[in-house]
Structures are given as structure tokens and as C-alpha cells.
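Input: a single structure, listed below in C-alpha cells.
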Amino acid sequence: MSSPISTADLHDEALLARLRAMVAESPVPEAAISEILQALQKARGYIDDEALQLAATMTGLSPVKVEELCTFYSLLLREPVGIHVMRVCDSIACHMAGAQDILAQARQHCGVEFGEVSRSGKLTVIPHVCIGMCDRAPALMVDDEALGPMDKQALTRLLAQLEADVWKPS
Ligand code: FES
């Protein structure tokens with residue numbers, strides 16, 4: 001769900017028109033909340049307080065309720081992230097196939113803890129539940145792209161591409 005971080009203006013008329021259309025196409029305004037939050041995260045990189053308030057206003061939900069939804073859905077991010085977000089699956093199939101080694105290598109590369117922005121600013125690595133790629137374990141996602149099976153060499157190449165801004169989803 002996440003995409004390269006941007007500083008999209010929440011007053012941008014094109015963005016607001018898309019959000020209004022989501023509300024208009026929903027049976028009730030609250031039903032659009034998930035789609036709106038995803039769109040805001042795509043535009044901003046994460047759901048900051050301003051985006052959360054906008055989502056609440058547009059759907060008629062309370063900010064507290066929207067905050068709860070952001071907490072519940074692990075794909076929604078409330079903290080700043082790097083240009084790319086890497087979600088490394090640590091559920092059972094990937095765990096058995098070496099996910100902990102992948103996580104350790106990715107964290108060492110970033111030089112920070114999981115969920116934080118890497119020293120280069122290019123990446124945030126987050127352990128994640130099953131991403132539906134169990135047959136290609138260990139698997140991970142970069143932004144919206146699922147990749148696997150991953151090993152030390154493949155991850156080294158991927159990290160180098162991300163650092164050099166030459167990685168592209170297929
Ligand atoms: S357990 Fe890792 S993708 Fe399903």
C-alpha cells in the first residue's frame with residue numbers, strides 16, 4: 001500500500017476531488033474510510049495528523065475512531081517512513097525459511113530499528129504478518145510489490161538498487 005514518500009498538499013484540488021468521489025460512491029460516508037486512508041498514505045507516505053483529521057472530516061468519523069482504524073490495520077502507517085517501505089514477512093512459512101536472517105540483514109543495512117527511517121532516508125523496514133506469498137518464502141514487499149523467495153544475495157542486490165534509486169516494481 002505504501003509508496004515513495006511525498007509531501008502531497010492536502011489542499012490539492014485533484015486529491016480532494018478523488019477523496020470526495022470515494023465518499024460519493026460509498027453507500028455511507030464511513031464506508032469510504034479505508035479507501036481514503038490508503039489514498040492519503042499513498043499521497044503523503046504515511047497518515048500524519050493532518051491527513052487523519054481530513055479523513056475523519058470527510059467520512060464523519062471521529063478522529064479517535066480513525067486513529068483506532070490506523071492502529072488496527074497494519075498496512076497503515078502513522079509515523080514517517082523512508083522513500084520505500086519494506087515489509088518482511090515473519091509468519092510461520094517465512095520464519096521456517098529464514099525470515100529472521102532477512103530481517104537482520106535489512107535492519108543492519110538500515111542502521112536503525114524496525115519502523116524507523118534508515119540513515120540514508122531511503123528505506124523503512126517493518127516485520128509483517130503473512131503477505132500471501134507462502135509458496136515463495138521467505139517473502140517481502142517493497143511498497144506494493146511482493147518479492148520472493150529472498151536470500152542474502154537477492155536482498156543485497158535489492159538493497160543496493162533501493163539505495164541507488166534504480167529499483168522499479170515489475
Ligand atoms: S508466511 Fe510469509 S508470505 Fe505467508
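Indexing begins at 1, ligand by ligand and atom by atom, following the structure's order. Along the sequence shown, residues carry numbers from 1.
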(request) Would you mind listing which atoms of ligand 1 come within a distance below 4.0 Å of any non-hydrogen atom of Cys134? (result) 1 (S), 3 (S), 4 (Fe)
(request) Assess the side chains of Asp90 and His95: does a donor N or O sit below 3.5 Å from an acceptor N or O? (result) no
(request) Considering the heavy atoms of Ile131, write down every atom of ligand 1 situated less than 4.0 Å from one of them. (result) 3 (S)
(message) Please give me the minimum heavy-atom distance between Ile33 and Val66, naming the atom from each residue.
(response) CD1-CG2, 4.0 Å
(request) State the atoms of ligand 1, each with its element, that fall below the 4.0 Å cut-off from a heavy-atom position in Ala93. (result) 1 (S)
(message) Can you name the atoms of ligand 1, numbered from 1 with element, that are less than 4.0 Å from a heavy atom of Gly132?
(response) 3 (S)
(message) Using a 4.0 Å cutoff against the non-hydrogen atoms of Cys130, which atoms of ligand 1 qualify?
(response) 1 (S), 3 (S), 4 (Fe)
(request) Mark up the atoms of ligand 1 that fall under 4.0 Å of a heavy atom belonging to Cys94, in ascending order. (result) 1 (S), 2 (Fe), 3 (S)
(message) Does Arg107 qualify as a cation-pi partner of Phe114, given the criterion of NZ or CZ under 6.0 Å from the six-membered ring centre and within 45 degrees of its axis?
(response) yes
(message) Can you tell me if, anywhere in Cys89, an N/O/S atom lies at a distance from atom 2 (Fe) of ligand 1 that is smaller than 2.8 Å?
(response) yes
(message) Pairing donors with acceptors under 3.5 angstrom, does anything connect the side chains of Glu116 and Thr124?
(response) no
(request) Output yes if His95 passes the N/O/S-under-2.8 Å test against atom 2 (Fe) of ligand 1; output no otherwise. (result) no
(request) Return the residue, atom name and 0.1 Å-rounded distance of the protein heavy atom closest to atom 3 (S) of ligand 1. (result) Met133 N, 3.2 Å
(message) Within a 6.0 Å radius of atom CD on Glu13, are there more than 12 heavy atoms belonging to other residues, nucleotides or ligands?
(response) yes
(request) Test side chain to side chain donor-acceptor pair (under 3.5 Å) on Ser62 and Glu67 and set out the steps. (result) CA-CA 9 Å; Ser62 71; Glu67 181 81 65; over 6 Å; no
(request) Please check if any side-chain donor atom of Ser74 sits under 3.5 Å from a side-chain acceptor atom of His128, or the reverse. (result) yes
